[in-house]
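To keep things clear, I will list the structure first and then write my remarks on it.
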There are 2 protein chains.
Amino acid sequence: MRSVPEAIDKQKLQTLAEFRYMLRRFLHFSEEAARKADLPTQQHQLLLQIAGVPDEVAPTISYLAERLGLRHHSVVELSKRCQEQGLILRTHASLDRRCVVLQVTLKGERRLKELSDDHARELYELAPQLIRALTQIQSLGCKKATAGLSTRKIEK
Amino acid sequence: MRSVPEAIDKQKLQTLAEFRYMLRRFLHFSEEAARKADLPTQQHQLLLQIAGVPDEVAPTISYLAERLGLRHHSVVELSKRCQEQGLILRTHASLDRRCVVLQVTLKGERRLKELSDDHARELYELAPQLIRALTQIQSLGCKKATAGLSTRKIEK
DNA sequence: GACGTTATATCGTATTGCGATACATTGGGA
DNA sequence: TCCCAATGTATCGCAATACGATATAACGTC
């Protein structure tokens with residue numbers, strides 16, 4: 001009976017689009033917040049990942065590249081900018097002098113703290129919606145390419 | 001009893017950092033997927049938001065700017081690129097000829113569909129982790145702005 | 001039919017991440 | 001010890017793209 005696969009697709013697209021929209025909203029908030037604090041987004045992210053490093057890990061260039069989803073040389077440049085602003089320190093690890101270990105300065109810490117508080121609050125607001133969107137996506141994903149099933153369209 | 005505010009902060013930063021890391025991971029996956037499909041990320045996002053538009057809304061430049069978190073003129077340029085690739089159509093609305101309405105072509109639809117399936121699958125995998133991170137943040141957020149900042153300096 | 005408003009378009013600029021490539025440090029074997 | 005491959009970081013030039021400032025077009029109203 002065909003069961004309107006178009007409707008399934010539309011539903012799926014709307015769900016994905018909505019999720020992305022929410023992500024954008026959060027990211028946009030984050031960028032705005034950083035900009036108000038006069039701190040480029042990426043610098044904020046670098047600070048966050050340095051400060052939020054697990055206790056047993058050393059925050060090296062490479063580690064941060066992985067965490068930020070960047071190539072290492074992008075992090076080199078990014079960290080250079082942060083250093084110029086006096087937000088972080090760069091020191092060669094004494095054990096392996098190839099490694100550069102990053103460290104947030106007091107100034108950087110202050111900047112980061114405000115932003116983190118704001119972010120925590122904003123996420124506290126957005127979390128329910130994000131979770132809802134994710135749950136919806138999960139329920140989509142369940143029907144693993146089961147072509148048939150008569151999903152009744154909910155929309156409109 | 002002071003209760004080691006440093007530890008709280010550290011915990012908070014780690015939680016936020018972890019959340020951002022997961023977002024990056026997803027965004028990175030998304031960019032990769034789009035690139036494999038030979039489609040710039042932003043073009044993919046534009047297609048998604050056009051295709052996933054609620055039934056009662058007209059996908060105009062302005063609407064999409066809001067959805068994508070961009071300024072309208074950025075969307076103008078983006079949509080121009082998409083049009084050049086034959087992924088979308090741009091037509092002036094007959095009612096209000098100022099408005100440009102965007103529409104995904106068959107070609108665009110095909111490209112989008114593959115990507116959407118991949119994304120739905122990936123999100124199905126990531127959703128539990130994301131939800132966990134969000135839940136953790138929610139539990140942080142409860143303790144509303146406790147001012148006392150006896151941050152001990154780490155820098156040398 | 002002039003005006004303020006809304007919607008889209010154009011241009012020049014600045015940021016920034018990347019590929020290619022180079023340099024520095026390390027550990028290990030001849 | 002010296003050489004070398006592996007690993008980690010740095011530099012350079014480039015390309016993509018989002019933005020601000022500004023311009024054009026269509027609308028509704030008086």
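One finds a side-chain N or O of B/K80 lying less than 4.0 angstrom from the OP1 or OP2 phosphate oxygen of C/dT10. Within the structure, a side-chain polar atom (N or O) of B/Q42 is placed less than 4.0 Å from OP1 or OP2 of D/dA18.
Separation of the A/F26 and A/Y21 ring centroids does not fall under the 6.0 Å cut-off. Between A/H119 and A/F29, the ring center distance clears the sub-6.0 Å criterion.
Interatomic distance, OG1 of A/T91 versus CD1 of A/I88, reported as 10.0 Å (0.5 Å rounding). To the nearest 0.5 angstrom, A/I61 atom CD1 is 11.0 Å from A/L70 atom CG.
By the rule that hydrophobic residues join a cluster once side-chain heavy atoms approach within less than 4.5 Å of another member, A/V57 and A/V75 end up as members of one cluster.
Here the closest non-hydrogen pair linking B/V104 and B/G108 is CG1-C, 3.5 Å. The minimum heavy-atom distance between A/P59 and A/I50, with the atom names listed, is CB-CG2, 4.4 Å.
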Can you list, pair by pair, the side-chain donor-acceptor contacts under 3.5 Å of residues 37-48 of chain B, counting residues two or more places apart and other chains?
from  : atom 1 : to    : atom 2 : distance (Å)
B/Q42 : OE1    : A/R24 : NH2    : 3.1
B/Q45 : OE1    : A/R20 : NE     : 3.3

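Taking atom CD on B/E84 and atom C1' on C/dA9, their separation rounds to 14 Å, with Å as the unit. Atom pair B/L78:CG and C/dA9:P shows a separation of 12 Å (rounding to whole Å applied). Remark: P of D/dA16 and CG of B/L46 are 18 Å apart, rounded to the nearest angstrom.
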Q. What is the per-nucleotide protein-contact pattern of nucleotides 25-30 of chain D, from the 5' end, where B denotes a base atom under 4.0 Å from a protein heavy atom, S denotes such proximity for sugar-phosphate atoms only, and - denotes neither?
A. -BS---
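Heavy-atom distances to DNA chain C give each of B/R35 and A/R81 a nearest nucleotide, and the one nearer the 5′ end belongs to A/R81.
A heavy atom closer than 4.0 Å to some atom of DNA chain C occurs in A/L70, A/R71, A/H73, A/S74, A/E77, these being the qualifying members of residues 47-77 of chain A.
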